[in-house]
Amino acid sequence: MQSIRDQLSGEVGDVFVSLSLPKELGSVTRSSRAGQAPFQCNGAMAAAKLAKKNPRELAVQIVEGLKSSPLIKSIEIAGPGFLNIVPADNLVKCQAAELAKDQRTGANIVTAPKKIVIDFGGPNVAKPMHVGHLRSSVIGDSLQRLLRFAGHEVISDIHLGDWGLQMGQLITQLQLEQPDLVYFSSDFDGQWPKQPPVDIDDLSRMYPLASAACKADETRMQQARKATAELQAGRAGYRVLLDHFIAVSIAALKVDFAALGVHFDLWKGEAAVDPLIAPMIESFKQGGYTEISDGALIIRVAKETDKKELPPLILVSSAGAALYATTDLATIIDRKDNIAPDIILYVVDLGQSSHFEQVFRAAGKTKIFDETALEHIKFGTVNGTDGKRFRTRSGGVMRLSDLLQQANDAATKRLSEAGLAQEFDAIERSEIARLIGLAAIKFADLRNQRTTNYVFDIQRFTAFEGKTGPYLLYACVRMKSILRKAQSAGISVGEIKPSAKEESALVLMLDEFDQALHAACGRRSPHILCEHLFDLAQAFSKFYASCPVLAAKDIAVQSSRLQLVETTLRQLQTGLDLLGIETPQRM
Ligand code: ARG
């Protein structure tokens, strides 16, 4: 369906055309200022410049052309030629009916769907997740939901970090602790054990030990490097160990991501593309794309126009190891062969900008993928209330489960302060707290323009007032409660007949969903949707404060307003779902 904004743009655009002016200049937008007409067109000034006419006179001509339009109730010229437009009552009423009827409350499907791979999450095997992985997961998950809802075909991939030095570090640590394991004997030719020799607690304990030891002791580091190189060269026992480490990590990560409500289609990792690396390097050499520099095999990616110098991409280190960029390039080949996407999005922190610039340029240069179809979806860092990089209370790296627990505790406290959910049984109350905690964390992250840094402040995030997840959940719950009461009172929904200005304002806000959805998708920016949902909840509050629903005298008014509540709830819940936020039935 077409939004009022688009219908008005068409109407005004036609008048522009009839005056031999470009149609696009007739485009209509929502006015930002309260108390003003809801729509405006600012194209008269630019058009006047083009046609070398007086803007005010031209505006008068445009208004003349729109006089008999059935879509417009009134149109006024302000200042040098701004056009303020009030849509016809009937247009608002018809639009309300369409929005109520449409399951998607006005959200259109793209006309040219793309196949899109989203690479996000990116935790590393054995290494604890940090807040960068959390941001990537929350933003990436919202993007996969948004793009899918918009009609694209989306394949998400967690892209585990399972091929780097940390693997060699773990292997040598394990050898130190259990030297007799069969994986370490070079002439073992029996059946490899099915059971992993470690569990997730072992891995979490061993990795920090190994990493610290390697930092402190060059011999340990050499051993870890050697093990990494042997693993990458295909040493059988190490490969089996790696598979164990990966399986153990994935099992634990699946629990974490399920708690977060984040889903991945693919659980592939860097190690999965190992077989592609040798042939890839060979073909890059053949193509003349590589050079040897200081013993390493590199691809030069700098451009003359670069403002900052971009170092070459290292394909093979001087020690003979494949590096992070090497596996990223091989992964592009893997995705091209198995998925054939139009676009690949990488939801990874800003700090890796140069890495992705190198990889994208190298992919373009070696012709494995169109450089412009590879996008780094960057995001900023999370700081603590002390202004430093966010850490947990104990000062260590964050564990997802601890963070969720912290959110849960804060949400529980908020509920009791607000006197909400207190009469429910303990199970329901804790489920509500869990949903509030998750909504608090996710919304606080997504509401910011993703490239900005933000401060992690669980007290602020869990507040029921302000631009927060809990505020939106509360708005949903209020609407659900109205619908429940209406049902038991036998009141049903009917045709929406907006009469109060708060009712029309709510309809016009509902009508903005399509625009917000597609802007959020196009700019890969969930915060645009957050903004819309917050505005919608506020428009609902204003409506509810001045337009009684169940207490309205007239039955037609009751069912009209009830339909408005139902439609608003449907859109708010759809929108929250696109942010990965689940809503409780009541609180
Ligand atoms: N494992 C990486 C890290 O922890 C993130 C992976 C991002 N994705 C990618 N294709 N490089 O930094």
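Just so you know, ligand 1 is whichever comes first in the structure, and atom 1 is the first atom listed for that ligand.
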- request: Enumerate the atoms of ligand 1 whose separation from the nearest heavy atom of Gly122 is less than 4.0 angstrom.
  value: 1 (N), 2 (C), 3 (C), 4 (O), 5 (C)
task: Fit a plane to each ring of Tyr346 and Phe360, take the angle between them on a 0 to 90° scale, and name the class: parallel (under 30°), tilted (30 to 60°) or perpendicular (over 60°).
output: tilted
Under 3.5 Å side-chain donor-acceptor pair for Asp457 and Thr385: no
Nearest option to atom 12 (O) of ligand 1, as decided by whichever heavy atom of Gln352, His133, His159, Glu270 sits closest: Gln352
- prompt: Any idea how Phe264 and Trp267 line up, ring-wise: parallel (<30°), tilted (30 to 60°), or perpendicular (>60°)?
  reply: perpendicular
task: Decide if the gap between the ring center of Phe257 and the ring center of His263 is smaller than 6.0 angstrom.
output: no
- request: Give the ring-plane orientation class for Phe461 versus Tyr454, where under 30° counts as parallel, over 60° as perpendicular and anything between as tilted.
  value: tilted
- prompt: Can you find a heavy atom in the side chain of Leu174 that is under 4.5 Å from one in the side chain of Phe245?
  reply: yes
query: Quick one: does Phe120 get within less than 4.0 Å of ligand 1, heavy atoms only?
result: no
- request: Give the atoms of ligand 1, by number and element, whose distance to some non-hydrogen atom of Phe356 is under 4.0 Å.
  value: 9 (C), 11 (N)
Protein contact to atom 6 (C) of ligand 1 [nearest heavy atom, distance to 0.1 Å]: Tyr324 OH, 3.4 Å
query: Does any N or O atom in Asp119 lie less than 3.5 angstrom from one in ligand 1, N or O only?
result: yes
message: Is the contact between Asp328 and ligand 1 made by the side chain, the backbone, both, or neither, using heavy atoms and a 4.0 Å cut-off?
response: side chain
query: What do you reckon, does His355 have a nitrogen or oxygen under 3.5 Å from a nitrogen or oxygen of ligand 1?
result: no
- prompt: Quick one: do the Asp577 and Gln573 side chains pair a donor with an acceptor below 3.5 Å?
  reply: no
message: Quick check: Val348 and ligand 1, any N/O pair under 3.5 Å apart?
response: no
- prompt: Between His159 and Phe120, is the ring centre distance below 6.0 Å?
  reply: no
- prompt: Do any nitrogen or oxygen atoms of Asn124 come within less than 3.5 Å of a nitrogen or oxygen of ligand 1?
  reply: yes
statement: Counting from 1 in the order shown, the ligand 1 atoms closer than 4.0 Å to a non-hydrogen atom of Tyr346 are 10 (N)
